[in-house]
2 protein chains.
Amino acid sequence: MTAARITRCAQDLAEERGLDGFTMHDVADCAGVSRRTLFNYVSGKLDAVLGVPPAPDPSRLIEFRAGGPTGRLADDVKATIGAFLDSKDLAPEDWERVRRLIAADARLHKAMHENFAKVAAFLADAILEREGARFDPLRARAAATVTLSLFDVALDAFVADPSTSLAAYFMAAFDGAAALFD
Amino acid sequence: MTAARITRCAQDLAEERGLDGFTMHDVADCAGVSRRTLFNYVSGKLDAVLGVPPAPDPSRLIEFRAGGPTGRLADDVKATIGAFLDSKDLAPEDWERVRRLIAADARLHKAMHENFAKVAAFLADAILEREGARFDPLRARAAATVTLSLFDVALDAFVADPSTSLAAYFMAAFDGAAALFD
DNA sequence: GCATTGCACTAATGAAGGTGGAGTGCATCA
DNA sequence: TGATGCACTCCACCTTCATTAGTGCAATGC
C-alpha cells in the first residue's frame with residue numbers, strides 16, 4: 001500500500017542520487033500522492049528512506065510492566081527488545097538495501113539511533129514502573145543509556161557484516177555487556 | 001608549575017570571554033611561555049581549558065590484566081575506573097569551575113567524552129587480555145561502549161548536580177547498569 | 001644537550017550571507 | 001474525512017573569507 005510504495009520510491013531515489021539528490025516532491029510523484037500527503041505517512045525524509053519505524057507492541061509492554069515474560073529483568077529486556085527489532089518484517093534483500101543506505105550516509109545511521117533512543121526511553125519508564133524503588137532516576141538513565149549504546153554496537157556490527165540480523169547482534173551485545181557485570 | 005599555570009590562565013580566559021573569545025597566544029602570554037611552547041604542555045585548546053587528562057596508572061593496569069584486584073571482573077572494572085576518575089586531584093572549587101565550563105560549551109563536554117573514550121578502549125583491550133576467549137571482539141566492543149556510555153551518564157549527572165563527584169556518579173551508574181543484568 | 005622559541009606553513013574553524021527544500025498549518029475540494 | 005494546494009517558516013548546506021589552531025624545523029640560550 002501507500003506507505004510501502006513511499007518507502008520503495010524513497011529508497012530507489014536515495015540509491016540512485018544520494019540523500020541530497022532528490023526532493024520529497026520526487027518521492028511523492030513516484031508514489032502517486034501529493035507532497036503534502038506524503039507527510040501524512042512519514043514524519044520526514046529520513047523515515048521515508050528507512051521506512052516507518054515499528055511501534056512497540058502494547059501487549060508486550062503491558063506484560064513487561066507486570067513483571068513478565070520470565071520474571072528476570074535481563075531476560076525480559078532482551079525478549080522485549082528482541083521482539084521489537086524483529087517486528088520489522090523485511091525480506092533479506094530489503095534489509096541489505098537498508099544496510100547499504102545506512103552505510104552510505106551518516107544521517108540515516110543517526111536517524112536509526114534516534115528512533116531507537118525513543119524506544120530505550122520508553123523502556124526505561126517501563127523499568128521504573130516494574131521495578132519500583134529499586135530503580136532511581138540515575139539507574140533508569142543508566143539502563144536506557146546502556147540499552148541504547150548496545151543498539152549502537154549491534155547496528156555498527158550489522159552494517160559491517162549483515163550475515164547476522166540486527167536483533168541477533170543486539171542479543172549478542174547484550175550478553176557481552178552482561179558478562180562485564182558477572 | 002607551568003602546566004597548572006596554563007590551565008588556570010586558559011580557564012580564566014574561557015570564563016571571561018568564552019571559548020572563542022581568546023587565542024592560544026593570550027594563554028601563552030598569561031602563562032609566561034611562548035605560544036609554541038604551550039603546545040609542549042597541552043595537546044590543544046580544549047585540553048588547555050580542561051587541564052591535562054590524567055594518564056592511567058600503569059601498576060593498576062598490570063594488576064587488572066593479571067586478574068586483580070579482587071578477581072571479580074565487575075568489581076575490578078569499577079575499582080580501576082574509579083581510581084582513574086579520582087586521580088585528578090582538584091579542589092572542590094576547581095571541580096566546580098570545570099563543571100561550569102563544561103556546561104557552558106558543548107565542545108568541552110565532547111572533549112571530556114573523547115578523552116574518556118580512549119580510556120574505555122584501553123580497558124577493553126585489557127579485558128580481552130584478562131578474560132581471553134570468553135570475550136570475542138563484539139563483547140569487547142560492547143564492554144567498551146557500555147563503559148563509555150556510563151561515563152556519559154555520570155558526566156551529565158555531575159554537570160547537573162555537582163554535589164557528588166564524577167567518580168561517585170560513575171560508580172552509581174555502573175551499579176545501575178549491573179541491576180539491569182540481574 | 002635539551003628545552004624554549006621564532007617562523008613559516010597547513011589545516012581547521014567560525015562568522016556571515018544566501019538558497020533550496022524540508023516541514024507544517026490552514027483552507028478548500030471531492 | 002482524507003487528499004491536496006498554497007503559503008509560510010525554519011533549517012541544513014554551501015560558499016567565501018579571515019583568523020587562529022596546530023605543527024615541523026631550525027636557531028638560540030642556559
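Heavy-atom basis, side chains included; hydrogens, waters and symmetry copies ignored.
At distances below 3.5 Å, at least one donor-acceptor pair connects side-chain atoms of B/Q11 with backbone N or O atoms of B/V49.
For the pair A/M24 CE and D/dA12 P, the computed distance is 15 Å after rounding to whole Å. The separation between A/N40 atom CG and D/dG2 atom P is 9 Å, rounded to whole Å. The NE2-P distance, from B/H25 to D/dT23, rounds to 19 Å in whole Å. In this structure, A/I6 places its CD1 atom 12 Å from C1' of D/dA3, rounding to the nearest Å. With rounding to whole Å, A/L38 atom CG is found 11 Å from D/dA3 atom P. One atom, NZ of B/K110, and another, P of C/dT13, lie 9 Å apart when rounded to the nearest Å. Rounded to a whole Å, the CG atom of B/L46 is 15 Å from the P atom of C/dA12. When rounded to the nearest whole Å, the span between CG of A/L19 and C1' of D/dC13 equals 12 Å.
Between B/I81 and B/F116, some side-chain heavy-atom pair lies under the 4.5 Å cut-off.
Separation of the B/F170 and B/F158 ring centroids does not fall under the 6.0 Å cut-off.
Judged by atom type and distance alone, A/R36 does not reach the base of C/dG23 through any side-chain donor-acceptor pair under 3.5 Å. A donor-acceptor contact under 3.5 angstrom links the side-chain atoms of B/R35 to the base of D/dG22.
Mapped onto DNA chain C by nearest heavy atom, B/T37 and A/T23 fall at different nucleotides, with B/T37 at the one closer to the 5' end.
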Quiz prompt | Chi angles and distances behind the side chain to side chain donor-acceptor pair (under 3.5 Å) call for B/S149, B/D152 | solution = CA-CA 5 Å; B/S149 74; B/D152 290 338; over 6 Å; no

Exercise. Carefully, step by step, assess B/R99 and B/D161 under the rule salt bridge (Lys or Arg N to Asp or Glu O under 4.0 Å).
Key: CA-CA 9 Å; B/R99 188 200 72 85; B/D161 172 12; over 6 Å; no

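Under 4.0 angstrom from either OP1 or OP2 of D/dA3 there lies no side-chain N or O belonging to A/S34. One finds no side-chain N or O of A/R107 lying less than 4.0 angstrom from the OP1 or OP2 phosphate oxygen of C/dA22.
Across all strands shown, A/D20 has no heavy atoms under 4.0 Å from either base or sugar-phosphate atoms.
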